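Since the model is a prediction, treat every value here as computed from it, not as a measurement. What you see below is based on every heavy atom in this structure, not just the backbone, and it leaves out hydrogens, waters and symmetry mates.
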Amino acid sequence: MSTAIAAAGEGLPLFGFGAHTGVEDVADLLQMAQQADRDGLDHFSLSDHPYLGDRVDAYAALGFVLGRTERIAGLANVTNLPTRPAPLLARTVTSLSALSGGRVVLGMGAGGLWDRISDMGVPRLSPGAAVDAFEEAIVLVRELSGGGPPVTHHGRHYRVEEIEPAPVAAPPVWTGSVGPRSLAATGRVADGWIPGHAADWLSERHRTSRPVIDEAAAAAGRDPREIRTIFNLPGRVTGRPLPATRDRDGRWIGGSPEQWAEELTGAVLEHGASGFTLFSPGGGTQDLASLGRWGQEIAPAVREAVAKENGPSPKPRHQGPGHR
């Protein structure tokens with residue numbers, strides 16, 4: 001397992017960037033991922049929309065980029081589960097983990113754009129059934145990972161007979177849960193939560209959703225603190241400070257590296273944020289210069305401030321997404 005995933009950190013936040021996987025953008029994606037890898041970022045994420053013909057397959061792109069980097073981890077933000085059956089998904093993510101030295105996270109979603117999903121020939125599920133399938137899939141991926149005897153699973157949505165698990169540990173699972181049932185499933189079985197609609201730590205969505213996760217985790221006998229919150233965070237990185245870093249609705253819009261560092265340090269220390277994935281202000285892929293400032297200025301400043309507040313100096317290499 002890679003240093004990025006297995007390192008025993010000191011509770012430092014994770015930093016990554018998000019990208020869209022357009023066919024014409026592959027060279028730019030690789031350049032950005034390699035720069036992020038050199039700059040010490042923890043992860044990159046790719047959207048998974050297999051019904052869009054101008055996008056490369058998210059998991060093919062993950063494998064390609066992981067093969068051209070050394071430390072950074074990758075995930076689909078989030079996996080379009082209805083089009084990727086759980087038994088095969090288990091094989092995919094454990095294979096990527098084995099090939100990359102553990103540098104993979106399993107981002108999971110119940111499926112949102114059902115009109116397009118059903119256009120792919122996938123039977124439409126009700127919202128409740130989709131959440132049930134989502135939770136069962138996470139459990140089954142773990143059953144088919146980490147070695148052990150053959151697995152027989154007769155669930156409501158998945159059925160396997162005497163299938164050998166991969167001799168590779170399951171990657172950490174981060175979900176994009178939104179509704180109460182999905183949030184509760186995250187609390188029961190997941191390792192991390194990515195709040196939907198780019199909601200940040202001051203949003204009403206986060207304020208009302210995170211307790212649902214915590215309550216479900218506690219009811220399942222888990223420590224809620226085991227479940228990270230990793231925010232998708234769009235915003236501008238500017239050369240000079242902005243007069244205001246949030247708009248009239250209270251949404252983060254960005255600022256100078258110093259303003260970012262102050263805001264994100266507070267998010268970690270005061271609101272329990274575990275990580276941040278940078279997007280452009282419009283929700284797409286950031287430009288290369290902003291990504292450089294994110295990795296070279298903002299992330300180190302926040303890590304240093306958090307480490308100073310929490311105790312001993314951090315190790316030279318950052319912790320990875322698999323660390324709790």
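Criterion: ILVMFWY side-chain heavy atoms under 4.5 Å apart, direct or through other members. Under it, V141 and W193 are not part of a common hydrophobic cluster. Transitive grouping of hydrophobic side chains (ILVMFWY, heavy atoms separated by less than 4.5 Å) brings F64 and V93 into a common cluster.
Remark: R103 does not engage D37 in a salt bridge, criterion side-chain N to carboxylate O under 4.0 Å.
Within a 6.0 Å radius of CD in E262, no more than 12 heavy atoms belonging to other residues, nucleotides or ligands are found. Counting non-hydrogen atoms of other residues, nucleotides and ligands closer than 6.0 Å to CZ of R246 gives a total above 12.
Here CG of L41 is found 11.5 Å from OG1 of T69. Values are rounded to the nearest 0.5 Å. Atom-to-atom distance recorded for R293:CZ and T238:OG1 is 7.5 Å, nearest 0.5 angstrom. The distance from the CG atom of L140 to the CD1 atom of I163 is 10.0 Å, given to the nearest 0.5 Å. One finds the OG atom of S145 at 8.5 Å from the CZ atom of R91 (value rounded to the nearest 0.5 Å). Remark: Q286 CD to R236 CZ distance equals 10.5 Å, nearest 0.5 Å. Rounded to the nearest 0.5 Å, atoms CE (M108) and CG (L81) are 4.5 Å apart.
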Going through the checks in order, is the salt bridge (Lys or Arg N to Asp or Glu O under 4.0 Å) test met by R225 and D223?
-> CA-CA 5 Å; R225 293 173 297 180; D223 183 345; 2.9 Å; yes
Check your understanding: Can you list the steps and then say if N77 with F279 is a side chain to side chain contact (heavy atoms under 4.5 Å, CB included)?
Key -> CA-CA 12 Å; N77 185 356; F279 287 86; 3.9 Å; yes
Do L99 and L66 pass the side chain to side chain contact (heavy atoms under 4.5 Å, CB included) test, and can you show the C-alpha distance, the side-chain angles, and the key distance before you say yes or no? CA-CA 9 Å; L99 290 165; L66 289 172; over 6 Å; no
Would you check, one step at a time, whether the test side-chain hydrogen bond (donor to acceptor under 3.5 Å, both in side chains) holds for T175 with T186?
-> CA-CA 7 Å; T175 76; T186 292; 2.6 Å; yes
inquiry  = Would T229 and I213 count as a side chain to side chain contact (heavy atoms under 4.5 Å, CB included) here? Give the steps.
reply    = CA-CA 10 Å; T229 303; I213 294 173; over 6 Å; no
Problem - Residues Y59, T79; criterion side-chain hydrogen bond (donor to acceptor under 3.5 Å, both in side chains); working and verdict - result: CA-CA 9 Å; Y59 276 90; T79 301; 2.6 Å; yes
F134/V78 under side chain to side chain contact (heavy atoms under 4.5 Å, CB included): CA gap, chis, key distance, verdict: CA-CA 12 Å; F134 156 82; V78 291; over 6 Å; no
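The side-chain heavy atoms of E135 and R181, taken from C-beta on, include no pair separated by under 4.5 Å. Contact of the V306 side chain with the L269 side chain is registered, since non-hydrogen atoms from C-beta on lie closer than 4.5 Å. E270 is not listed as a side-chain neighbour of W201, based on a closest heavy-atom distance of 4.5 Å or more. A heavy-atom distance below 4.5 Å is not found between the side chains of E226 and D191. Side chains of L242 and Q259 form a contact here, defined as non-hydrogen atoms less than 4.5 Å apart. A 4.5 Å side-chain heavy-atom check between L278 and W260 finds at least one atom pair inside the cut-off. Looking only at side-chain heavy atoms (C-beta outward), I138 and R188 stay at 4.5 Å or farther from each other.
Relative orientation of the F15 and F276 rings is tilted, given thresholds of 30° and 60° on the angle between their planes.
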Review item, side-chain donor-acceptor pairs of residues 20-34, under 3.5 Å, at least two apart:
from: H20; atom 1: ND1; to: S47; atom 2: OG; distance (Å): 3.3
from: T21; atom 1: OG1; to: V56; atom 2: O; distance (Å): 3.4
from: Q34; atom 1: NE2; to: R68; atom 2: O; distance (Å): 3.3

